[in-house]
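Values below: all heavy atoms of this structure, side chains included; hydrogens, waters and symmetry mates excluded. Every value quoted in this text rests on a predicted model; they were computed, and no experiment measured them.
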Amino acid sequence: MASTACTLLLFFFFFFTCLYISPFAAAAGNVTYDSRSLIINGERKLLISAAIHYPRSVPAMWPGLVKTAKEGGVDVIETYVFWNGHEPSPGNYYFGGRYDLLKFVKIVQDAGMLLILRIGPFVAAEWNFGGIPVWLHYVPGTVFRTDNEPFKHYMQNFTTLIVNMMKKEKFFASQGGPIILSQASFLGLSSFHTFIFLETEHLKNGSGRPQSFNFQVENEYGYYEAAYGEGGKRYTQWAAKMALSQNTGVPWIMCQQWDAPDPVINTCNSFYCDDFKPSFPTMPKIWTENWPGWFKTFGGRDPHRPAEDVAYSVARFFQKGGSAHNYYMYHGGTNFGRTSGGPFITTSYDYDAPIDEYGLPRFPKWGHLKELHRAIKLCERALLNNKPTLVHLGSLLEADVYEDQSGSCAAFIANLDDKNEKTVHFRNVSYTLPAWSVSILPDCKNVVFNTAKVGSQTSTIEMEPEQLKPSIASPHKDLKPLSWEIFVEKAGIWGQADFTRKGFVDHINTTQDTTDYLWHTTTLFVDVNEEFLTKGGQPTLLIESKGHALHAFVNGILQASAAGNGTVSPFKFKSPVSLKAGKNEIAILSMTVGLSNAGSFYEWVPAGLTSMKLQGLKNGTVDLSNGTWTYKIGLEGEHLGLYDANGLKNVNWRSVSEPPKNQPLTWYKAVVDAPPGDEPVALDMVHMGKGLAWLNGEEIGRYWPRKAPNDKCVKACDYRGKFNPDKCNTGCGEPTQRCAYCLLVSFALQSLPIVYRKYQESYLIRGITRIEQLTWYHVPRSWFKPSGNVLVMFEEKGGDPTQIRFSRRKLSSLCAHVSEDHPSFLTDDLHKNKADLELKCPMNMHISAFKFASYGTPTGACQSYAIGDCHDPDSTSVVEKLCLNKNECTVELTENNFKTEICPGVTKKLAVEATCS
């Protein structure tokens with residue numbers, strides 16, 4: 001997705017290889033295409049794909065993520081390959097833990113799904129340094145992503161390594177395997193890896209084999225190419241030839257490359273791709289990245305994209321001739337450790353995706369899109385084997401009809417009006433469409449889905465706090481206080497200085513990203529006769545920095561902190577400082593918060609101090625910028641490996657009865673039990689300042705509960721009209737990484753015509769509920785042992801560790817309501833087109849009780865439903881009979897279940913609220 005640091009539209013180059021295995025064949029066979037779709041073994045394929053990045057979750061989560069995607073109606077899993085995770089130093093490769101690529105591929109294959117593998121090697125993706133290893137920048141003579149021999153050498157080595165791994169597993173068609181498609185895609189607007197949204201001011205600046213693979217070389221290069229001149233053009237040609245030399249022997253595609261040469265297929269990346277046209281009329285229409293949400297930055301607001309609009313964009317794409325579609329992201333996950341880029345991208349990469357950061361379906365988005373996928377698949381034959389007929393039905397109203405002489409027919413009716421509901425007459429039948437919506441008719445008669453009518457359940461999520469419990473072999477351990485140990489860093493140079501020089505150095509070139517931290521120290525002598533020493537007042541320190549953040553210490557005491565933000569990394573600040581007569585030591589801890597991940601020549605983007613002055617002395621302003629500065633790379637605790645399980649015993653930790661509060665530069669350690677249960681776990685760090693956290697040596701990541709601005713948020717999100725990343729922001733004035741999933745509880749009052757007329761705004765809007773101010777950082781369950789878990793944190797500026805909690809992410813209730821005239825279907829037989837209500841608890845849970853159930857005219861919203869004037873008194877007993885003690889259930893709104901004869905002339909609905917145990 002996108003980085004806010006870039007001010008150019010981006011254009012990247014992809015090489016994809018897709019593999020497909022038919023459940024009835026051992027090899028992929030022939031792969032071709034025409035203007036309607038990819039054709040595999042002579043059969044057209046309509047594909048729905050989901051991006052899941054393997055290192056943004058953990059191996060224990062991968063089977064569940066793939067399973068949930070498949071249950072959501074997805075055919076294909078897509079992921080990048082993260083070069084800097086796999087080659088941490090030249091020629092030293094790592095494919096373990098979260099980077100076990102083959103294990104991830106095999107999990108996808110065991111699920112019988114397709115796979116898109118995007119090698120890159122450049123990925124952008126809000127990932128540190130765009131996925132290219134930092135060490136490569138320091139190979140003499142290297143310039144990234146142009147006709148540069150050192151860069152091409154290492155890029156080809158890594159690409160060939162990954163391709164050969166896939167060949168060894170016999171995934172290629174030439175080996176009797178399933179590879180069907182290669183892609184070299186120049187991406188104009190990226191997977192929103194550094195997408196600049198020009199419309200918003202904020203972003204100006206079944207078989208045993210995988211069924212589809214997609215190998216990518218380069219990424220989003222096209223818009224950058226011009227900046228590199230002729231070297232860029234030569235690099236493009238070289239990259240394509242290098243990819244082809246891997247001998248995949250399958251068709252190619254390019255993303256957002258309008259001048260892609262025949263026979264390369266040009267594809268689209270955006271929030272909307274219905275108007276996109278391939279470069280040649282002989283090519284199919286493919287959407288490689290649809291962004292169902294957006295990324296976050298530390299101190300930024302929380303973006304949300306309504307499910308109704310995501311569904312609208314997908315339906316419009318297929319309505320207008322699309323045949324393959326991918327969500328970026330379907331599961332965003334977590335930027336563990338120091339893997340986030342940007343800079344300032346948060347540890348959470350939740351992305352408001354259909355599967356949330358913790359690996360569970362995000363309702364109603366996941367459920368709504370599942371219904372959409374099912375409806376589109378009902379149209380597959382008609383869509384892919386016929387040309388559309390466009391029917392104008394009125395102002396901002398149109399239908400696209402796919403029909404042949406055999407009677408096969410599918411229609412998509414669209415209301416493009418972003419304000420008003422409209423009624424249309426199509427083939428002698430009236431259809432009412434909400435504003436900004438598409439209705440899908442797989443038989444050109446029955447509406448089985450409307451993008452704005454959300455019939456999926458909603459969920460109420462609670463993050464249940466758990467005290468950190470000590471790991472003590474005692475039946476009364478709950479009565480014993482948690483034992484803490486600390487290690488305090490020196491403010492300034494620890495051990496022997498790394499070097500001394502006049503003036504400032506570039507932070508990134510100095511640390512080479514081996515750490516976030518770089519100490520700068522100097523001394524200042526203050527005359528005893530300075531007025532501020534006798535008359536009061538304080539001198540003022542003025543600092544300018546290219547980014548990203550700093551803490552300023554004088555004589556070991558923290559004076560001030562400052563930082564840039566996700567839009568502008570450089571910053572200036574001034575702050576009063578306390579000085580004493582005589583010698584004063586000034587120590588500045590400069591910090592990076594992820595490296596730039598995209599842009600022309602992005603590897604040269606600097607960071608660190610550029611100017612420091614002191615005002616308020618009798619001799620005027622003192623410029624310290626060109627003075628003598630002493631430098632130390634990293635922290636002593638990092639050098640000692642305080643976070644490493646092997647290093648914990650070799651350090652003089654100091655036991656304390658009570659951990660110090662609001663103390664900067666402090667390492668904290670506690671040995672704790674795992675939280676009870678099997679729910680996902682987070683670490684609540686709202687009472688801490690800024691730093692890093694580990695559990696049992698695993699990197700949880702950066703924490704920073706930095707507050708967002710107080711403006712430009714919405715209390716309710718109107719799905720109607722074009723989406724942009726600032727349209728539906730929440731979290732104003734709140735600390736970063738509050739529970740993104742918990743903030744928006746959707747109470748869409750869908751399905752009832754009376755609702756459209758009388759309560760249209762309630763229908764359009766999602767209610768936003770306030771929750772307690774907390775910030776959560778995902779800690780995967782698989783990282784815990786039953787007891788003896790070592791929790792380590794480094795706190796930079798001070799916080800209260802006694803307030804740290806684990807939180808168990810629990811679903812407290814399910815809500816759903818649906819009208820009897822809501823588009824629905826139970827089977828592919830469209831004559832059984834009855835409305836139904838579906839409920840589903842998380843895995844390993846069941847429906848244990850109903851708090852509310854009413855068939856009739858219930859009012860209110862989730863957690864506040866009430867019986868209306870019309871009510872079937874047997875409602876509760878009906879839903880209990882059908883659903884209690886089941887993981888999921890379906891309740892049909894039929895006369896077999898309810899008294900449908902009550903309240904004649906009134907459109908009735910069913911509303912329920914249930915609990916899962």
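A donor and an acceptor atom, one from each side chain of Ser430 and Thr423, are nowhere located under 3.5 Å apart. Under 3.5 Å, the side chains of Ser854 and Ser875 contain no donor-acceptor pair of N or O atoms. Using a 3.5 Å distance cut-off with no hydrogens or angles, the side chains of Thr907 and Ser819 do not pair a donor with an acceptor. Side-chain contact of Glu892 with Asn897: a donor-acceptor pair under 3.5 Å is absent, judged by distance alone. Using modelled atom types and a 3.5 Å distance limit, the side chains of Asn326 and Thr288 yield no donor-acceptor pair. Side-chain contact, Asn290 with Arg305: a donor N or O sits under 3.5 Å from an acceptor N or O. No donor-acceptor contact under 3.5 angstrom links the side chains of Tyr719 and Asp418, judged on distance only. Side-chain atoms of Tyr431 and His425 include no donor-acceptor pair closer than 3.5 Å.
Taking both residues in full, the closest heavy atoms of Ile902 and Tyr855 are given as CD1-O, 4.2 Å, listed atom of the first, atom of the second, then distance. Smallest separation of non-hydrogen atoms from Pro303 and Pro725: CB-O, 3.6 Å. When every heavy atom of Ser813 is checked against every heavy atom of Gln863, the shortest pair comes out as OG-NE2, 4.0 Å. Among all heavy-atom pairs drawn from Ala914 and Leu839, the shortest one is CB-CD1, 4.4 Å. Summarising the geometry of Phe363 relative to Lys840, their closest heavy-atom pair is CE1-O, 4.5 Å, with the distance given to 0.1 Å. Of all non-hydrogen atoms in Val454 and Pro364, the two that sit nearest each other are CG1-CB, 3.6 Å.
With salt bridges taken as basic N to acidic carboxylate O contacts below 4.0 Å, one links Asp718 and Arg720. Between Lys296 and Asp350 no salt bridge is recorded (no basic side-chain N to carboxylate O distance below 4.0 Å). Using a 4.0 Å cut-off between a side-chain N of Lys or Arg and a carboxylate O of Asp or Glu, Glu71 and Lys370 do not qualify as a salt bridge. Taking the charged nitrogens against the carboxylate oxygens, Arg427 and Glu403 do have a contact shorter than 4.0 Å, which makes a salt bridge. Between Glu43 and Lys45 there is a salt bridge, since at least one side-chain N of the basic residue sits less than 4.0 Å from a carboxylate O of the acidic one. A salt bridge does not link Asp275 with Lys285: none of the charged nitrogens is closer than 4.0 Å to a carboxylate oxygen. Taking the charged nitrogens against the carboxylate oxygens, Arg316 and Asp274 do have a contact shorter than 4.0 Å, which makes a salt bridge. Using a 4.0 Å cut-off between charged nitrogen and carboxylate oxygen, Lys422 and Asp417 count as a salt-bridge pair. Ionic pairing of Arg44 and Asp34 is present here: one or more N-O contacts between side-chain nitrogen and carboxylate oxygen are shorter than 4.0 angstrom.
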Checklist entry - Stepwise, does the side-chain contact (heavy atoms from CB on, under 4.5 Å) test hold for Lys453 with His822? => result CA-CA 8 Å; Lys453 298 182 180 182; His822 180 78; 3.6 Å; yes
Item to check | Working for ring-ring contact (aromatic ring centres under 6.0 Å, His included), residues Tyr312 and Trp436 | outcome: CA-CA 7 Å; Tyr312 173 85; Trp436 198 253; 4.3 Å; yes
Checklist entry - Going through the checks in order, is the side-chain contact (heavy atoms from CB on, under 4.5 Å) test met by Ser456 and Trp366? => result CA-CA 8 Å; Ser456 173; Trp366 180 87; 6.0 Å; no
Next on the checklist: Under the criterion side-chain contact (heavy atoms from CB on, under 4.5 Å), I'd like the reasoning laid out for Leu814 against Thr458: C-alpha separation, chi angles, the key distance, then a yes or no.
Outcome noted: CA-CA 6 Å; Leu814 298 176; Thr458 62; over 6 Å; no
Next on the checklist: Show, in sequence, the C-alpha distance, side-chain angles and deciding distance for Lys320 and Glu398, and conclude whether the salt bridge (charged side-chain N to carboxylate O under 4.0 Å, His left out) test is met.
Outcome noted: CA-CA 11 Å; Lys320 292 300 179 180; Glu398 64 181 29; 2.9 Å; yes
Next on the checklist: Assess the residue pair Asp302 and Asn729 against the criterion (side-chain contact (heavy atoms from CB on, under 4.5 Å)); give the C-alpha distance rounded to whole Å, side-chain angles, the decisive distance to 0.1 Å, and a yes or no.
Outcome noted: CA-CA 5 Å; Asp302 293 325; Asn729 283 334; over 6 Å; no
Next on the checklist: ring-ring contact (aromatic ring centres under 6.0 Å, His included) for Trp291 and Tyr328? Distances and angles first, verdict last.
Outcome noted: CA-CA 5 Å; Trp291 310 308; Tyr328 183 103; 8.0 Å; no
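The cationic atom of Lys908 (NZ for Lys, CZ for Arg) does not lie both less than 6.0 Å from the six-membered ring centre of Phe898 and within 45° of the ring axis.
A donor-acceptor pair is defined here as one N or O able to donate and one able to accept, closer than 3.5 Å; such a pair exists between the side chain of Asn415 and the backbone of Pro434. In this structure, the side chain of Thr857 engages the main chain of Cys870 through a donor-acceptor pair within 3.5 Å. Distance alone, capped at 3.5 Å, is enough to place a donor-acceptor pair between the Asp872 side chain and the Lys899 backbone. Although no hydrogens or angles enter the test, the distance criterion places a donor-acceptor pair under 3.5 Å between the side chain of Asp404 and the main chain of Gly407. Asp75 places a side-chain N or O within donor-acceptor distance of the main-chain N or O of Ile48, the cut-off being under 3.5 Å. Although no hydrogens or angles enter the test, the distance criterion places a donor-acceptor pair under 3.5 Å between the side chain of Tyr272 and the main chain of Phe723. Put simply, the side chain of Arg301 gets close to the backbone of Asp711: a donor and an acceptor are under 3.5 Å apart. Using modelled atom types, one side-chain atom of Tyr402 and one backbone atom of Gln319 make a donor-acceptor pair closer than 3.5 Å. Although no hydrogens or angles enter the test, the distance criterion places a donor-acceptor pair under 3.5 Å between the side chain of Lys377 and the main chain of Leu46.
When side chains are defined from C-beta on, Glu895 counts as touching Thr900, because their heavy atoms get closer than 4.5 Å. Put simply, the side chain of Tyr33 does not reach to within 4.5 Å of the side chain of Ser35, judged on heavy atoms. At a threshold of 4.5 Å between non-hydrogen side-chain atoms, the residues Leu910 and Val891 count as touching. Looking only at side-chain heavy atoms (C-beta outward), Ile413 and Val424 come within less than 4.5 Å of each other. By the 4.5 Å heavy-atom criterion applied to side chains, Pro292 and Tyr330 are not counted as neighbours. Counting heavy atoms from C-beta outward, Leu372 and Val314 have side chains that approach closer than 4.5 Å. Side-chain atoms of Cys862 and Thr460, non-hydrogen and from C-beta on, do get closer than 4.5 Å to each other. Two residues are said to be in side-chain contact when any heavy atoms from C-beta on lie closer than 4.5 Å; Ser408 and Asn385 fail this criterion.
Atom-to-atom distance recorded for Arg362:CZ and Thr68:OG1 is 13.0 Å, nearest 0.5 angstrom. The structure places CG of Leu837 at 8.5 Å from OG1 of Thr890, a figure rounded to the nearest 0.5 Å. Here Cys889 contributes atom SG and Asp836 contributes atom CG; the two are 10.0 Å apart, rounded to the nearest 0.5 Å.
Between Trp287 and Phe317, the distance separating the two ring centers is shorter than 6.0 angstrom. Taking the six-membered ring where the residue is Trp, the centroids of His373 and Tyr327 are separated by under 6.0 Å. Aromatic rings of Phe449 and His368 (six-membered ring for Trp) have centroids within the 6.0 Å cut-off, being under it.
Ring geometry for His325 versus Phe318: interplanar angle of 30 to 60°, hence tilted.
For the pairing with Pro388, the side-chain contact (heavy atoms from CB on, under 4.5 Å) check across Val401, Asp400, Leu383 returns one residue only, Asp400.
Around the CG atom of Asp869, the shell of radius 6.0 Å holds no more than 12 heavy atoms that belong to other residues, nucleotides or ligands.
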